[in-house]
2 protein chains.
Amino acid sequence: MNIGDVARQSGVPPKTIRYYEDIGLIRPNLSENGYRAFTESHIHKLAFLGRARALGFTIEDCRTLLSLYEDENRESMQVKAVAEDHLRQIEEKIAKLQSMRATLAELVEKCAGDHRPDCPIIEDLSPERLAK
Amino acid sequence: MNIGDVARQSGVPPKTIRYYEDIGLIRPNLSENGYRAFTESHIHKLAFLGRARALGFTIEDCRTLLSLYEDENRESMQVKAVAEDHLRQIEEKIAKLQSMRATLAELVEKCAGDHRPDCPIIEDLSPERLAK
DNA sequence: ATGAGGCTTCCAGTTACTGGAGGGTCAATG
DNA sequence: CATTGACCCTCCAGTAACTGGAAGCCTCAT
């Protein structure tokens, strides 16, 4: 199967598939004409990767998860560890963003948004000592 | 003032200050010995940038905000527009992350995390058609 | 004058792709 | 049989915002 078909069936764009090959996530065969030749198994792996990426796992996490996916003797605790770690990082990001949102929302609300220059947003960003 | 002092007073590391100069956010003078020479005003701008970055504004947003900061004739609606836009993007990011978190939390909870290979996380990532 | 610490420039690496140039391959059509 | 359009290939560069490191001046205190 050619890369275009695989892209359609896995949901992973051709460019990305080539990139995944570059970094060693998948290893398609080469056919005589120089085209990559993919199998069903490649489609599965790519779809797997697509979902893992959609859940925000890093490429390195994906590498680990893919090897666990292929490993009949994996222990679910290995998978769980990766996922829990990722979950923690997502929660940290959410916390950071929520704190930003809180500050921003407050500032935006306080800002008149008219034609005058006075602006609580600018003031908040300015070093207070200027007020001296 | 040398870059080290400015870094300490503004909270922006020397490397980053040089980078900000590179991309035209600040313009320190050059002293005879080839060192950058900063003024109070540079410290203020850098502190401003540091805060804006901490609120997640992009460098391009910072460029805009900095010019508004320096513009006595700014209209607060200009500032507000930038902030509102940024706020919207943050909210989008939060939404995406929360959806990831929900899925991940559910999967993590369902995973036994023991020595057996069965794992709801891997199953969720796997293309279902394999089940056929 | 020597050594520590600060300053300089420049190059490379980070994350995960994405776009584009330049150029072969294939299947179908005229 | 030539051409056309849709594929495919490789390689290079760019994205965001820094950060680390090498190689080499400058300055001040001993």
Side-chain angles (χ1 to χ4, degrees), chain A residues 1-39 42 45-46 48-66 85-86 89-90 92-93 96-97 100, chain B residues 1-38 42 45-46 48-66 82 85-86 89-90 92-93 96-97 100:
Chain A
M1 221 176 320
N2 285 346
I3 202 169
D5 303 313
V6 176
R8 249 164 269 123
Q9 289 184 54
S10 68
V12 179
K15 277 271 184 186
T16 305
I17 297 178
R18 294 196 193 99
Y19 172 68
Y20 286 171
E21 182 186 357
D22 257 18
I23 62 174
L25 282 181
I26 51 163
R27 305 201 175 286
N29 296 319
L30 265 208
S31 40
E32 297 175 0
N33 58 13
Y35 288 14
R36 287 169 183 79
F38 297 87
T39 64
H42 290 120
K45 286 187 200 175
L46 285 166
F48 181 94
L49 289 169
R51 287 162 194 246
R53 292 289 298 126
L55 281 183
F57 285 103
T58 66
I59 289 287
E60 283 318 303
D61 283 346
C62 287
R63 200 185 294 279
T64 305
L65 291 173
L66 195 55
D85 214 76
H86 180 45
Q89 290 180 31
I90 283 184
E92 274 174 33
K93 275 189 201 170
K96 240 180 220 168
L97 287 170
M100 286 180 192
Chain B
M1 221 176 320
N2 284 347
I3 201 168
D5 303 312
V6 176
R8 249 164 269 122
Q9 289 184 54
S10 67
V12 179
K15 276 273 185 186
T16 304
I17 297 178
R18 293 195 194 98
Y19 172 68
Y20 286 171
E21 182 185 357
D22 257 17
I23 62 174
L25 281 181
I26 49 164
R27 305 200 175 286
N29 296 318
L30 266 208
S31 40
E32 297 175 1
N33 58 13
Y35 288 14
R36 287 169 182 79
F38 298 86
H42 290 120
K45 287 187 201 174
L46 285 166
F48 181 95
L49 289 169
R51 286 162 195 247
R53 292 290 298 127
L55 281 182
F57 286 103
T58 66
I59 290 287
E60 283 319 302
D61 282 347
C62 288
R63 201 186 292 281
T64 305
L65 291 172
L66 196 55
V82 174
D85 213 78
H86 180 45
Q89 290 181 30
I90 283 185
E92 275 174 32
K93 275 191 201 170
K96 237 180 223 169
L97 287 170
M100 287 180 191

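Heavy-atom basis, side chains included; hydrogens, waters and symmetry copies ignored. Every chain is numbered from 1, with letters handed out A, B, ... down the list of sequences.
No engagement by B/F57 is indicated, since no non-hydrogen atom pair under 4.0 Å with the nucleic acid exists.
Within the 4.0 Å cut-off from OP1 or OP2 of C/dC17, at least one side-chain nitrogen or oxygen of A/Y20 is found. For the OP1/OP2 pair of C/dT8 and a distance below 4.0 Å, the side-chain nitrogens and oxygens of B/R18 include at least one atom meeting the criterion.
Between A/P14 and B/K15, it is A/P14 whose nearest contact on DNA chain D lies nearer the 5' terminus. For the pair B/R8 and B/R36, both in contact range of DNA chain C, the more 5′-proximal nearest nucleotide belongs to B/R8. A residue-by-residue look at A/L30 and B/P13 shows that A/L30 has its nearest nucleotide of DNA chain D further toward the 5' end.
Nearest to the side-chain atoms of A/I59 among the listed nucleotides C/dG6, C/dG24, C/dC17 stands C/dC17. Closest contact between the side chain of A/R53 and the listed nucleotides C/dT8, C/dC10, C/dC17 involves C/dC17.
In terms of heavy atoms, A/C62 sits closest to A/R53 at SG-CD, 3.7 Å. The minimum heavy-atom distance between B/L97 and A/I90, with the atom names listed, is O-CG2, 3.7 Å. Annotation for B/F38 and B/N2: closest pair CD1-C, 4.1 Å, computed over non-hydrogen atoms.
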Stepwise side-chain contact (heavy atoms from CB on, under 4.5 Å) test for B/R18 and B/R36:
CA-CA 9 Å; B/R18 293 195 194 98; B/R36 287 169 182 79; 3.6 Å; yes
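Note: CG (A/D5) to C1' (C/dA27) measures 14 Å, nearest angstrom. Counting to the nearest Å, the P atom of C/dT15 and the CD1 atom of A/I23 are 10 Å from each other. Taking atom NE2 on A/H86 and atom P on C/dT15, their separation rounds to 15 Å, with Å as the unit. Here C/dC26 presents its C1' atom at 6 Å from OH of A/Y35, a figure rounded to the nearest Å. To the nearest angstrom, C1' of C/dT8 lies 13 Å from CG of B/D22. Between the CD atom of B/E21 and the C1' atom of C/dT9 there is a distance of 12 Å, given to the nearest Å.
Not a single donor-acceptor pair under 3.5 Å links the side chain of A/H86 to the backbone N or O of A/D61.
In this structure, the separation between CD on A/Q9 and CE on A/M1 is 5.5 Å, given to the nearest 0.5 Å.
Taking the charged nitrogens against the carboxylate oxygens, B/E60 and B/R63 do have a contact shorter than 4.0 Å, which makes a salt bridge.
Taking a heavy-atom distance under 4.0 Å as the criterion, the stretch of DNA chain D touched by chain A extends 5' to 3' from D/dC7 to D/dC11.
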